[in-house]
Structure formats: structure tokens, C-alpha cells
Amino acid sequence: MSKPDKYQKIVELAKRRGFFWPSYEIYGSEAGFLDYGPLGALMKRKLEQKWVDWFVRREGLMLIDTAVVAPEIVFQASGHTTHFTDPVASCKSCGRKWRADHLLEEQAGVSGEGLSLRELESLLAKHEVRCPECGGELEPPQVFNELFKTTIGPYAEHVGYCRPETAQGMFVNFKRLNDLARGRLPFGAAQVGRCLRNEISPRQGPIRLREFTIMEFEFFFNPKNPECKKLKEVEGEKIRLLTEELIRRQVEEPVEVTVAEALDKGYIKAEWNAYFMARAKQFLNQLGVPDENQYFREKLPNERAHYSAQTYDQVVKLSRWGYVEVSGHAWRTDYDLRMHMAYSGEDLRVYLPYPEPKKIKRKNLKPDKAEIGKAFKDRAALVLRLLELTPAEEVAEALSSEGVYRLRGDGETYEIKPGQVSVVEEEVELKGERLLPSVVEPSFGLDRMLYVVLEYAYSEREGRVVLKLPRDLAPIEAAVFPLMTKDDLPEKAREIRQSLLNYGFNVEYDEGGSIGRRYARMDEAGTPYTITIDYQTLEDDTVTLRDRDTWKQVRIKAGRLPQTLESLLKGEIEFEEAGAPL
RNA sequence: GCGGCCGUAGUCUAGCCUGGUAGGACGUCAGCCUGCCACGCUGAGGGCCCGGGUUCAAAUCCCGGCGGCCGCACCA
């Protein structure tokens with residue numbers, strides 16, 4: 001890393017040309033925060049717009065926009081207040097901080113998972129766990145929660161948190177969304193918005209931020225009818241997977257399979273997840289990332305979030321850090337809806353009518369509310385709601401074989417004993433059933449994706465930078481130059497620029513410096529087309545149009561510029577088709 | 001958060017060891033020049049990350065903070 005690598009060059013370019021820079025620079029900056037400049041802000045919008053077009057419009061999702069701050073209960077239900085927290089113990093002598101549960105496991109061989117702080121503290125003391133670095137004594141463990149905490153209104157006790165993902169906005173609004181989908185499955189809801197995570201140590205510029213923008217959607221489908229009708233469109237598409245099994249065998253090279261094979265072989269568990277992974281791969285192709293520089297890496301169970309049954313990260317090769325995650329594809333099952341249902345008391349199940357009513361015998365759980373109340377006190381209401389969602393057979397079997405049923409909830413496990421529930425058999429006629437949809441969640445990091453685009457677009461030619469941005473993401477779409485700053489050429493150029501502005505294009509005008517310098521400036525900003533007004537323009541109203549990537553030029557009628565530019569920017573025509581070559 | 005290296009105009013950088021308040025390159029701006037690819041001429045504006053200490057005097061030495069990069073940890 002002695003000579004500037006691509007990352008350094010891009011960061012330098014980003015600052016110089018106004019794509020992005022560190023926030024609060026005049027106060028010495030604050031790690032983990034990034035500001036977008038004029039070019040970056042425009043490009044970010046275009047990238048978001050492209051994502052919305054690619055997923056929301058084409059896949060028929062509902063785009064919503066929900067609040068950033070949420071009352072505490074929302075993240076208690078989602079599990080973030082417990083799972084987004086790490087127990088940290090600092091060393092009394094050297095001050096280093098360690099994951100308390102990890103130390104316990106390493107030094108005492110005792111799993112620290114799910115333990116309370118007090119339990120951790122006593123176990124650490126009992127096993128005489130010391131600082132691995134200096135052997136010093138440890139302070140009692142404390143929690144570090146990555147949620148940004150705040151208070152709502154003037155009451156300190158009204159705690160709120162900033163969202164670490166937009167997902168909960170989709171889940172808490174599920175009833176309305178389901179209603180707007182007219183009760184049918186499958187459907188999806190999407191959102192693009194700012195999220196905050198109080199990272200312990202953000203690094204790597206735009207790659208890991210404390211405040212960032214997520215583009216994600218929750219796709220709800222019937223768990224009893226999980227097939228993806230659109231699979232046909234992508235089943236032959238090749239995707240590269242680094243599965244859990246390969247990772248365990250320390251294989252580093254992903255396998256290339258078709259989407260159909262990935263499902264047949266069980267690499268991907270949910271069809272909808274596979275479908276959207278294929279779409280995500282195509283999306284990255286459109287951003288300039290070829291197949292050989294991206295793949296999907298399965299998250300190991302211990303890396304996976306608490307809600308996830310299977311997660312693949314889409315990773316892209318970057319010059320500096322190797323493969324970096326740009327999107328996550330989690331199968332969240334019904335975890336979130338189940339938890340919000342339990343916490344809010346709202347029925348979030350979807351009613352799905354049967355074609356024919358069914359008469360069936362079934363087992364039903366009858367909880368003894370008095371017993372449960374005594375046993376679980378203030379958690380009793382929650383336990384009752386969770387029990388409602390639990391299959392009776394599962395409870396019956398656990399009770400008869402083990403004498404206890406372990407009900408898993410918000411990071412805690414509740415032990416249900418025989419006297420607390422009874423299982424009865426009854427015959428009922430069912431016209432349909434209510435069930436919680438299963439959810440797949442494709443989630444994209446907008447900021448790092450923007451960096452990825454810049455890195456893949458970056459090129460140098462004859463000692464100058466040419467930013468070969470995808471045409472539809474270029475912040476400046478075209479620029480108009482007068483060849484000379486005399487003989488009415490500037491006036492004509494301004495006129496043409498104004499007319500293109502009126503057509504809706506983002507067009508710059510530049511008359512400073514030599515013509516070559518002006519081309520170079522626009523190449524560096526990633527502007528795909530430049531229009532030059534010369535003496536011939538004054539005679540026959542034609543202009544030259546220059547292509548950023550090839551530096552080739554064609555001559556066309558000024559009047560045809562709007563349609564031609566539009567077709568070029570959309571990629572409908574090749575540059576050579578735009579006019580007569582020079 | 002720990003350790004190592006680092007922080008000088010918009011950007012890159014010289015100066016720091018051996019204290020005497022900064023020099024360059026590119027870019028920007030103004031003007032000239034310029035008949036299609038940053039390369040001509042003239043001029044202008046712009047800087048020592050922040051705070052404290054040592055000293056007659058600090059970009060320079062010392063301490064602390066903040067930030068950056070790398071390694072460790074962290075990244076549900």
C-alpha cells in the first residue's frame with residue numbers, strides 16, 4: 001500500500017469533486033458520519049431511484065416511508081434491545097475492553113450466551129477470568145448497546161431508539177399493508193431510509209458508518225405455499241454461492257450454480273430468497289460489477305442475526321478490503337410478526353380461506369391463566385400470547401416426553417410446566433386459517449453501494465481520471481461547451497444548454513480553460529456526454545457530441561439532442577448510432 | 001476501545017530529527033490566448049487538526065483530545 005491504491009484515489013476524488021467527505025470536518029470530524037456533496041447527493045438519489053425502479057416498480061412492491069425514532073417497546077419486541085447488546089468488561093489495569101461472554105467461553109469453557117449481566121459477573125469471578133492481554137482483574141461487565149438511545153418529549157423516562165434497520169417500519173405497519181394488498185399473499189413492502197447504529201469502531205470510510213441509508217424490503221409469503229411464481233424468469237441465471245458447508249470445509253472459492261440448482265440442492269432454503277438473490281446479482285451487474293467479482297456468502301449460525309433462519313450476504317470485490325457485503329438476504333421467517341403480535345396484542349395473522357371448508361380434529365392448548373399468572377407475573381400476558389401462536393402438538397409432545405416445554409420469546413426462554421396448560425382435542429369446521437406470513441428480506445446498503453459504483457467506474461486514461469459511471473447514475477448528464485469564447489459561440493451554447501434544461505436534463509455549461517481541459521473535467525465527474533458548439537453550429541445548427549468512455553465524437557442536429565440524449569442515457573442506442581462520426 | 005504509523009491551502013506534498021510563524025505542484029478565480037482532448041501567458045485568493053505545556057520564540061519538542069490508515073477486538 002505504498003503507492004495510492006484505488007480507495008485512496010477515490011476518496012481523494014470524492015473530496016475534490018464533491019461526491020462525499022467526512023462530516024463535521026471543521027470540528028475535526030466525527031468517525032462514522034459522512035456528508036454527500038453536490039455530485040454525491042445527486043448520484044445517491046439516482047442510485048436510490050434505480051433501486052426503486054428495479055425492485056419496487058418491477059416487482060410490484062409497496063414503497064413506504066416510516067419514522068426513524070421508535071418507542072422502546074418496538075425494539076423490545078424485535079429483540080434489538082437484548083440482541084443488539086454486547087456485554088463488555090474492561091480491564092482494571094490496562095483498560096482494554098473485551099466481550100465478557102467471549103472471555104468466559106475462552107477461559108472457563110462456559111457458554112456466556114443469554115446470561116444476564118449479574119450472572120456473567122459472578123461466573124467471571126468464580127472462574128477467575130482475567131484480562132487476556134495483561135492478566136489484570138476485570139471490572140464488572142457492562143452492556144454496550146448499538147442502538148442510538150434518545151428520549152421522546154420532555155420526559156426522561158420515555159425512552160426511544162433510532163432504528164438500526166428500516167425493517168421494523170414494515171412490520172409494525174403490517175396490518176395496514178396487508179389491508180392495502182387486499183389481504184392477499186404474497187406481497188412486499190419496501191423502504192429507503194436513514195438508519196443509525198452506534199458502532200464501537202467504524203472504519204473504512206463509506207463502508208461502515210454510524211448513520212447510513214438502507215434500501216430494503218420485506219416480502220411476505222404464505223409459508224404453506226412458499227413457491228415463487230416468478231422463479232421461471234431467473235431459474236437459469238447463474239449465481240455463485242459460498243455455502244455454510246463450503247465455509248466449514250474452509251473452501252474459499254464459491255460454487256457456480258443456476259438458481260434452480262441452488263434450490264434443488266438445498267443451498268437456498270426459501271424460493272423467494274433465491275429469486276431476489278438472482279435479481280440482486282443482476283442489479284449489481286447494472287452497477288458495473290461483473291459476475292466474477294461478486295458472490296453470495298452464507299452466514300454461519302453464530303454470525304446470523306437472532307431473527308434469521310438463513311442469510312446470504314451478497315459480497316463484492318473491492319480493491320482494498322477484498323469481498324465486502326453490499327446486501328443481505330435474510331429469511332426472517334415469521335419471527336418479527338410473531339413478536340410484534342405478542343407485544344402489541346394485535347392479531348397480525350393473515351386469513352387465508354380454504355377452497356372447501358374442512359372438518360378436522362385438532363389439539364388445542366388451554367392455558368391455565370391463573371397458574372401462568374402466578375408463574376410468570378408481569379410476563380404472563382406475553383407468555384399467553386406466545387402460546388396462542390404455538391402448535392399444540394409441539395407443546396403436548398414436549399410435556400409428555402420432557403415434562404416441560406421451553407417457549408422461546410424475546411431472547412428469553414419461558415419454561416411451561418404441565419399444570420400451566422392442558423391439551424384438549426376437539427372437532428371443528430374450518431373455512432380457512434389464520435397464519436403469520438413468512439418473510440424474506442433483501443436489504444441493501446446504499447452508501448457502500450455508491451462507493452462500489454465509484455470504484456468500478458474509476459479508470460485512468462493518459463494520466464487523467466475517467467469516471468465511467470453507468471449512464472443512468474451520472475449526476476451530470478451532459479455538458480455544453482462553446483469551442484471559443486467569442487463570435488457568439490457562448491451565446492449559442494447557453495441557448496442549447498437552456499433548452500436541454502427545459503427538457504429536464506441535468507446539464508452544465510463550461511467555458512473556462514481549453515476545450516481539452518473542459519472535457520477532462522467532465523470525464524472526472526463522470527458526465528457521459530459533452531456537446532460542443534463550434535463555427536459549423538452557427539451555419540447549420542449541428543453540434544458535436546462526445547462520448548466519455550471512448551472519446552469518440554459524432555455530429556448531430558441540435559434539435560435532435562433531447563431525444564438522442566434520452567435514448568443514450570437509457571442505454572437504448574449505442575453511441576455510434578447517435579449521429580454522423582467525425 | 002487497545003497497539004503501530006500518520007495529520008501542512010480545494011487536492012497532493014516539502015519543511016519537523018538540528019525551534020526563528022511556511023515552499024512547491026495540480027486545481028480554482030480574473031484576464032489574455034485558444035478552431036476539439038488537462039500541457040501558452042499574466043495576475044489573484046487560499047494552509048500548519050484542536051487544546052494545553054516547555055521556550056524570548058513552536059508546523060517543528062512534550063502531554064492530552066479528535067480524526068485517518070493498518071493490526072487486534074467489534075460489525076445483531
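In the text below, chain A, chain B and the rest are named by the order of the sequence lines, each starting its count at 1.
Using atom P as the reference point in both A9(B) and G23(B), the two lie 15 Å apart (nearest Å). One P atom belongs to C12(B), the other to C2(B), and the distance between them is 27 Å to the nearest Å. The gap from the P atom of G4(B) to that of G46(B) amounts to 39 Å, rounded to the nearest Å. On the P atoms, C49(B) is 14 Å away from A14(B), given to the nearest whole Å. The same atom, C1', is picked in A57(B) and in G65(B); the two are 25 Å apart, to the nearest Å. Atom name C1', nucleotides A59(B) and G3(B): the rounded distance is 26 Å, in whole Å.
Judged by distance alone with a 3.5 Å cut-off, no donor-acceptor contact links the side chain of Arg521(A) to the base of G27(B). On a pure distance criterion of 3.5 Å, no polar donor-acceptor pair joins the side chain of Ser29(A) and the base of C66(B).
Counting only N and O atoms by type, the side chains of His306(A) and Ser308(A) include no donor and acceptor under 3.5 Å apart. A donor and an acceptor atom, one from each side chain of Thr166(A) and Glu216(A), are located under 3.5 Å apart.
Val11(A) comes within 4.0 angstrom of no nucleic acid atom, judged by non-hydrogen atoms across all strands. Note on Ala31(A): only backbone sugar-phosphate atoms sit closer than 4.0 angstrom, heavy atoms only; bases stay farther off. Residue Trp321(A) is classed as a sugar-phosphate contact, given heavy-atom separations below 4.0 Å to backbone atoms only. Within the 4.0 angstrom heavy-atom criterion, base atoms lie near Arg464(A).
Between Phe481(A) and Tyr519(A), the two ring planes are tilted [angle within 30° to 60°].
Shown here is Glu460(A), whose CD atom has more than 12 heavy atoms of other residues, nucleotides or ligands within 6.0 Å.
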